[in-house]
Amino acid sequence: MTTAPLRAPDTSGAGAGPGNAPEPGPLDQAADPFIPFAPFVQFGPDLLATALAEVPEGGVTEFTDSWHDLPADAHLGTATPYRFRRYGSFRLLPDRLEKLPHTAFFQDRTVNKVNGGVDRMFAPLDDSVASGAALRTVVRTLFGRLPGPRTGIDTCGVHQIRVTATEDAEGHPAPEGVHQDGHSYVAQVLIRREDVEGAESSLYDLGRRRIHHALLTTPLETIVLDDRRVLHGVSPVRPAPGARTGVRDMLLVDFFPGSTG
């Protein structure tokens, strides 16, 4: 399977599913009318592709190529790693992302029964990614499309994640199963999908009734959800027929108040 080009999407960038969020200026806390949003919104690739068109092409390529240099996730507890990742956190300022000191990533066991309750130290984002215009553009665009009020949301966590699959072993994008992440909002952006089957994303209400499912197949397709109002999960990744290995790359961005994030 050949990865679709990032700058030539062919599907609509309008929000799909319920709850299209308004389009305020990036990081504009004041323009935050209270609207009874649905708990998620899905976008085709045009949303981010249009925003990234303002970034020099070399910067976008450097950003997406950085997924080829992710260290193995040492917290999986498997003999052969299938997940690779980097992590960083930022303060959301009107004109920039302020990089915060690198710390361990923590989730409570109430939201992550597999890896919760422990500090997980992941490799930091590469400096060129953390300071690059591509990441800044993506985060600002996603912040403007949160499916709910943004008041007090001033911090984000950025996860670069690669999940691989082989003929002998599936890859598990969400080994904890159906879960919440413990943040206010979570954005899930497909970066790359090569020679894989599976990885269907599902959203559930708090009663664990499935309310949405989607297969992200085109780079920059995005789901943004209110992590307090829905649970989510992703099915395992398998190699496509005829392929020995497969790769799925995702950018996850958590949004939360810095005082409690």
Side-chain angles (χ1 to χ4, degrees), residues 3-17 19-21 23 26 40-55 59-68 70 83-90 92 97 122 125-126 129-130 132-147 153 156-163 171 173-174 181 183-194 196 199-203 212-227 230 232-234 237 247-256:
T3 304
L6 288 177
R7 292 181 176 268
D10 57 4
T11 60
S12 173
N20 294 347
E23 300 186 5
F40 73 93
V41 63
Q42 180 174 341
F43 296 100
D46 277 2
L47 174 71
L48 291 179
T50 299
L52 286 170
E54 302 301 317
V55 177
V60 176
T61 300
E62 182 179 29
F63 177 65
T64 58
D65 282 354
S66 68
W67 267 260
H68 297 311
L70 304 184
R83 190 163 66 181
F84 305 81
R85 66 192 298 170
R86 292 183 183 272
Y87 170 72
S89 57
F90 301 84
L92 302 171
L97 300 180
F122 300 123
L125 300 179
D126 186 82
V129 172
L135 179 63
R136 182 171 63 251
T137 297
V138 169
V139 170
R140 289 167 68 94
T141 302
L142 296 173
F143 182 84
R145 304 314 193 275
L146 299 181
I153 305 298
C156 72
V158 173
H159 308 253
Q160 292 183 286
I161 298 177
R162 165 169 288 188
V163 172
D181 287 337
H183 301 295
S184 298
Y185 301 99
V186 177
Q188 306 168 342
V189 182
L190 179 69
I191 299 297
R192 182 177 288 103
R193 181 184 173 100
E194 296 179 347
V196 297
E200 181 181 59
S201 300
S202 295
L203 304 180
H212 184 69
H213 61 95
L215 187 66
L216 304 182
T217 59
T218 304
L220 302 183
E221 285 187 284
T222 300
I223 296 173
V224 187
L225 58 91
D226 186 333
D227 192 50
V230 296
H232 58 279
V234 187
V237 174
V247 170
R248 180 179 186 258
D249 291 344
M250 294 292 295
L251 172 71
L252 306 183
V253 184
D254 309 318
F255 293 94
F256 50 88

Approximate separation, where rounding is to 0.5 Å, of Gln188 CD and His159 NE2: 11.0 Å

- request: Considering non-hydrogen atoms only, spot the tightest contact between Val60 and Leu52 and give its length.
  value: CG2-O, 3.9 Å

statement: Between Pro219 and Ile191, the two heavy atoms sitting closest are CB-O, 3.5 Å

field: Nearest atoms (heavy-atom pairs only) where Val224 meets Pro147
entry: CG1-CD, 3.6 Å

- prompt: So Tyr87 and Phe122, would you call those rings parallel, tilted or perpendicular, with 30° and 60° as cut-offs?
  reply: perpendicular

message: I'd like to know whether Ile223 forms a side chain to side chain contact (heavy atoms under 4.5 Å, CB included) with Leu203, so could you lay out the CA-CA distance, the side-chain angles of the two residues, the decisive distance to 0.1 Å, and finally the verdict.
response: CA-CA 10 Å; Ile223 296 173; Leu203 304 180; 4.3 Å; yes

query: Taking Thr64 for the side chain and Thr61 for the main chain, is one N or O donor matched with an acceptor at less than 3.5 Å?
result: yes

field: Tyr185 side, atom OH; Leu225 side, atom CG - distance, nearest 0.5 Å
entry: 10.5 Å

message: Looking at every heavy atom in both Phe256 and Ile153, which two are closest together, and how far apart are they?
response: N-CG2, 3.7 Å

- prompt: Would one find more than 12 heavy atoms of other residues, nucleotides or ligands at under 6.0 Å from atom NE2 of His213?
  reply: no

query: Who pairs with Thr137 by side-chain hydrogen bond (donor to acceptor under 3.5 Å, both in side chains), at least two apart in sequence or on another chain?
result: none

- request: Any chance you could measure Asp126, atom CG, to Arg86, atom CZ, to the nearest 0.5 Å?
  value: 6.0 Å

task: Would you please test Asp249 and Leu70 for side chain to side chain contact (heavy atoms under 4.5 Å, CB included) and show each step?
output: CA-CA 10 Å; Asp249 291 344; Leu70 304 184; 5.6 Å; no

- prompt: Taking side chain as C-beta onward, heavy atoms only, is Asp227 less than 4.5 Å from His232?
  reply: yes

field: Partner set under side-chain hydrogen bond (donor to acceptor under 3.5 Å, both in side chains) for Ser66, not counting sequence neighbours
entry: Gln160

task: Taking the side chain as every heavy atom from C-beta outward, state whether Leu220 and Leu190 have any atom pair closer than 4.5 Å.
output: no

query: How far apart are the closest heavy atoms of Val41 and Arg145, and which atoms are they?
result: CG1-O, 3.9 Å

query: Does some side-chain heavy atom of Asp65 sit less than 4.5 Å from a side-chain heavy atom of Arg192?
result: yes

- request: Would you indicate whether the side-chain heavy atoms of Leu125 and Phe90 approach each other to under 4.5 Å?
  value: yes

Any Leu215 side-chain heavy atom under 4.5 Å of Arg193 side chain: yes

task: Side-chain contact test, heavy atoms from C-beta onward, threshold under 4.5 Å: evaluate it for Val55 versus Phe63 and give yes or no.
output: no

field: Of Leu48, Leu216, Leu47, the residue whose pairing with Thr222 passes side-chain contact (heavy atoms from CB on, under 4.5 Å)
entry: Leu48

message: For the backbone of Met250 and the side chain of Trp67, can you confirm whether one donor and one acceptor N or O come within less than 3.5 Å of each other?
response: yes

- request: Would you name the heavy atoms of Val247 and Val196 that are closest together and state the gap between them?
  value: N-CG1, 3.1 Å

query: When you look at Val158 and Leu251, which way does the side chain to side chain contact (heavy atoms under 4.5 Å, CB included) test go after all the steps?
result: CA-CA 7 Å; Val158 173; Leu251 172 71; 3.6 Å; yes

- prompt: Does some side-chain heavy atom of Glu200 sit less than 4.5 Å from a side-chain heavy atom of Val234?
  reply: no

query: Going from CG on Leu142 to CZ on Phe43, what distance comes out if it is rounded to the nearest 0.5 angstrom?
result: 8.5 Å

